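Because the structure is predicted, anything quoted here is derived from the model rather than measured.
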Amino acid sequence: NPERRGFGGGGGFGGGAAAAPTFVSVNGNLVGQINALENGDQAPTPAMQASFAAACTDLRAALAAWQTASSTGLAALNAVLAQNNRPAIAAPAGTVAAPVCGP
């Protein structure tokens, strides 16, 4: 996943910290894996299984960031909005369960 390794966009030589996983980057990674599996006529290799495990871990991290942003971060944003006489943003309804990343 190039975005995760700090090579995605921005120019330079990739010397910065790795970007945090996002739902978009995880989706792209998983779609690529599905396409690779569909084109093969065999069971997933150990490398493919390791790639899936890494993507699953990235998905858990993106979900944790979303949950933080939609709770703590949203409360802080709404406080600033209230100070500026702007309407608050409603918290998302429901919860999303984190995937299990193992056998």
**Student:** Supply the atom-to-atom distance Leu30 CG to Phe23 CZ, rounded to the nearest 0.5 angstrom.
**Tutor:**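 Rounded to the nearest 0.5 Å, the CG-CZ separation comes to 12.0 Å.
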
**Student:** Kindly say whether Ala64 contributes a backbone atom to a donor-acceptor pair with the side chain of Thr68 at under 3.5 angstrom?
**Tutor:**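 Here the side-chain-to-backbone pair exists.
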
**Student:** Tell me every residue that passes side chain to side chain contact (heavy atoms under 4.5 Å, CB included) with Ile34, counting only those two or more places apart in sequence or in another chain.
**Tutor:**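 Ile34 satisfies side chain to side chain contact (heavy atoms under 4.5 Å, CB included) with Glu38 only.
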
**Student:** Which distance, rounded to the nearest 0.5 Å, do you find between the CD of Gln67 and the OG1 of Thr95?
**Tutor:** 8.0 Å

**Student:** Testing the basics here: between Leu74 and Ala91, what is the closest heavy-atom pair and its distance to 0.1 Å?
**Tutor:**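 Distance-wise, the nearest heavy atoms are CD2-CA, 3.5 Å.
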
**Student:** Could you see if Leu63 belongs to whatever hydrophobic cluster contains Val24? Use Ile, Leu, Val, Met, Phe, Trp, Tyr and a side-chain cutoff under 4.5 Å.
**Tutor:**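 As far as the 4.5 Å side-chain criterion goes, Val24 and Leu63 are not connected within one cluster.
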
**Student:** If you compare all heavy atoms of Leu81 against all heavy atoms of Pro87, which two are closest, and at what distance to 0.1 Å?
**Tutor:** CD1-O, 3.5 Å

**Student:** Restricting to non-hydrogen atoms, name the atom on Met48 and the atom on Gln33 that form the minimum distance, rounded to 0.1 Å.
**Tutor:**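 Closest approach of Met48 to Gln33: O-OE1, 4.2 Å.
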
**Student:** Indicate the atoms forming the closest heavy-atom contact of Cys101 with Arg60, along with that distance.
**Tutor:**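 For Cys101 and Arg60, the tightest heavy-atom pair comes out as SG-CD, 3.4 Å.
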
**Student:** Within the distance-only criterion (no hydrogens, no angle test), does the side chain of Asn78 pair as donor or acceptor with the backbone N or O of Ile89 below 3.5 angstrom?
**Tutor:**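 A pair under 3.5 Å: yes.
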
**Student:** Find out whether Ser25 and Asp58 are in side-chain contact, i.e. whether some heavy atom of one side chain is under 4.5 Å from a heavy atom of the other.
**Tutor:** no

**Student:** Output yes when a side-chain donor or acceptor of Ser70 lies under 3.5 Å from a complementary backbone atom of Trp66, and no otherwise.
**Tutor:** yes

**Student:** Of all the heavy-atom pairs spanning Leu59 and Pro99, show the shortest one and how long it is.
**Tutor:** CD2-CG, 3.8 Å

